Amino acid sequence: MKLDAAGLQQSLSRTIGALGKFMTGKATRDPELAPHAYLIYLLGWTALVGLFVLFIFPHLSQAMGLGLITLLIIAFVLVIVLFHRWNVFAD
């Protein structure tokens with residue numbers, strides 16, 4: 001199967017449009033897309049913490065690393081609480 005330029009452009013346009021929905025927050029109010037938007041949030045958070053663990057933690061002392069990971073966990077829990085209070089994601 002060979003894609004022509006118009007088909008490729010249309011496919012790319014649909015993909016960017018779908019990602020735009022997630023990035024603007026419209027997906028959080030759509031009951032069908034809300035679980036996917038929440039999953040993207042969790043994956044983003046996991047990537048952020050993973051980057052810290054891989055690249056920053058090895059250069060910190062153990063106490064400093066423990067303090068930083070504690071702050072990241074507290075921030076994660078507070079964001080989840082705010083999501084719940086503000087009804088960010090459709091149930």
Side-chain angles (χ1 to χ4, degrees):
M1 186 168 125
K2 189 176 178 182
L3 272 178
D4 59 346
L8 184 61
Q9 184 179 7
Q10 185 180 17
S11 176
L12 186 62
S13 176
R14 279 195 311 251
T15 303
I16 290 174
L19 287 175
K21 262 188 167 180
F22 288 117
M23 298 307 284
T24 59
K26 290 181 182 178
T28 62
R29 294 293 173 203
D30 185 353
E32 288 184 20
L33 296 177
H36 302 290
Y38 187 68
L39 178 63
I40 288 174
Y41 164 73
L42 290 176
L43 289 173
W45 185 261
T46 303
L48 177 72
V49 171
L51 289 174
F52 270 99
V53 169
L54 285 174
F55 297 112
I56 296 175
F57 284 174
H59 302 289
L60 299 175
S61 66
Q62 285 184 345
M64 188 89 143
L66 180 63
L68 189 57
I69 197 70
T70 301
L71 289 176
L72 288 171
I73 291 169
I74 290 170
F76 177 77
V77 171
L78 288 176
V79 168
I80 298 299
V81 168
L82 289 176
F83 284 164
H84 179 70
R85 284 191 183 167
W86 295 341
N87 287 328
V88 172
F89 292 98
D91 291 329

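Treat the numbers as computed from the prediction; the structure is a model and nothing was measured.
We find the CG-CD1 distance between Leu68 and Ile73 to be 10.0 Å, quoted to the nearest 0.5 Å. Rounding to the nearest 0.5 angstrom, the gap separating the CG atom in Leu42 from the CD1 atom in Ile80 is 6.0 Å. Between atom CG of residue Asn87 and atom OG1 of residue Thr28 there is a gap of 10.5 Å, rounded to the nearest 0.5 Å.
Hydrophobic clustering (ILVMFWY, side-chain heavy atoms < 4.5 Å, transitive): Met64 and Leu51 are in distinct clusters.
Listed by first and then second residue, the ring pair (Phe, Tyr, Trp, His ring centres under 6.0 Å) pairs involving residues 62-86 are Tyr41-Phe83, Trp45-Phe76, Phe83-Phe89 (not counting sequence neighbours). The ring pair (Phe, Tyr, Trp, His ring centres under 6.0 Å) contacts involving residues 55-74 comprise nothing, where partners must be two or more places apart or lie in separate chains.
In this structure Leu78 satisfies the side chain to side chain contact (heavy atoms under 4.5 Å, CB included) test together with Ile74, sequence neighbours excluded. Contacts of Ser13 classified as side chain to side chain contact (heavy atoms under 4.5 Å, CB included), with partners at least two apart in sequence or in another chain: none. For Arg85, the side chain to side chain contact (heavy atoms under 4.5 Å, CB included) test picks out Val81, with sequence neighbours left out.
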Could you walk me through whether Ile69 and Val49 pass the side-chain contact (heavy atoms from CB on, under 4.5 Å) check?
CA-CA 8 Å; Ile69 197 70; Val49 171; 4.2 Å; yes
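Through ILVMFWY side-chain contacts below 4.5 Å, Leu71 is grouped with nothing and stands alone.
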